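Here is how names work: the chains are called A, B, and so on, in the same order as the sequence lines, proteins then strands, and each is numbered from 1. Everything numeric in this text was worked out from a predicted model, so none of it was measured.
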Amino acid sequence: MSDLLNKQFRNNVYDLVAVIPSGRVMTYGQIATICGHPNAARAVGQIAHFGPSDLPWHRVVNKKGIMASGFVPGGKQGQKSLLKDEDIKVVDDIIVNFRELLWQPKILS
DNA sequence: CGAGTGACCGCAA
DNA sequence: ATTGCGGCCACTC
């Protein structure tokens with residue numbers, strides 16, 4: 001049972017991250033909340049760390065709008081480049097207009 | 001099986 | 001406003 005729930009949570013996170021459009025960012029807390037675990041932001045980070053690299057983790061940042069990843073291929077440098085490549089301006093590792101770029105999905109289907 | 005870690009968040013002093 | 005602490009969840013040792 002618990003295993004299934006854990007798996008579901010992971011699957012949810014994967015799905016959500018995979019749906020993040022280019023030029024948009026999302027916070028761990030937001031993802032965790034939408035997944036059904038409001039305070040499982042840390043878990044999202046763990047899933048991101050051990051999860052597949054097929055997903056745009058570089059669009060996932062912490063509540064401060066700072067790139068917490070740094071673990072993505074290329075390190076923070078690559079991360080910043082990727083974000084900039086998507087019209088996301090980053091200054092001092094902080095996303096500009098982060099509030100505006102924050103993508104809020106309309107409830108998981 | 002038990003304990004520790006971590007790409008976090010929120011609240012209290 | 002800033003700093004410190006706890007709590008939650010998943011994964012590894």
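Taking 4.5 Å as the limit, every side-chain heavy atom of A:Val25 sits out of range of all side-chain heavy atoms of A:Ile20. Side-chain contact between A:Val13 and A:Val17 is present, with heavy atoms from C-beta onward closer than 4.5 Å.
In this structure, A:Arg10 does not reach the C:dC9 phosphate: none of its side-chain N or O atoms is under 4.0 Å from OP1 or OP2.
Distance, A:Lys64 NZ to B:dG10 P: 11 Å, rounded to whole Å.
Distance alone, capped at 3.5 Å, places no donor-acceptor pair between the A:Asn97 side chain and the A:Glu100 backbone.
Residue pairs meeting the ring pair (Phe, Tyr, Trp, His ring centres under 6.0 Å) criterion with at least one member in residues 31-60 of chain A, sequence neighbours excluded, are A:Phe9-A:His37, A:His49-A:Phe71.
Of all heavy-atom pairs spanning A:Tyr14 and A:Ile47, the tightest one is CE2-CG2, 3.5 Å. Between A:Leu102 and A:Met26 the shortest heavy-atom distance is CD1-CA, 3.6 Å.
Comparing B:dG4 with C:dG6, their P atoms sit 15 Å apart, to the nearest whole Å.
A side-chain contact (heavy atoms from CB on, under 4.5 Å) with A:Leu101 is found for one member of A:Leu83, A:Val96, A:Ile88 and no other, namely A:Ile88.
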Protein N or O to nucleotides 2-8 of chain B N or O, pairs below 3.5 Å:
| residue | atom | partner | partner atom | Å |
| --- | --- | --- | --- | --- |
| B:dG6 | O4' | A:Gln46 | NE2 | 3.1 |
| B:dG6 | N7 | A:Arg42 | NH2 | 3.1 |
| B:dG6 | N2 | A:Arg42 | O | 3.4 |
| B:dG6 | N3 | A:Gln46 | NE2 | 2.6 |
| B:dA7 | O4' | A:Ala68 | O | 3.0 |
| B:dA7 | N7 | A:His49 | N | 3.4 |
| B:dA7 | N7 | A:His49 | ND1 | 3.1 |
| B:dA7 | N6 | A:Ala48 | O | 2.4 |
| B:dA7 | N6 | A:His49 | N | 3.3 |
| B:dA7 | N3 | A:Tyr28 | OH | 2.9 |
| B:dC8 | N3 | A:Arg42 | NE | 3.4 |
| B:dC8 | N4 | A:Arg42 | NE | 3.4 |
| B:dC8 | N4 | A:Arg42 | NH1 | 2.9 |
| B:dC8 | N4 | A:Arg42 | NH2 | 3.3 |

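Between A:Glu86 and A:Arg59 there is a salt bridge, since a side-chain N of the basic residue sits under 4.0 Å from a carboxylate O of the acidic one.
A heavy atom lying under 4.0 Å from DNA chain B marks none of the residues of residues 75-94 of chain A.
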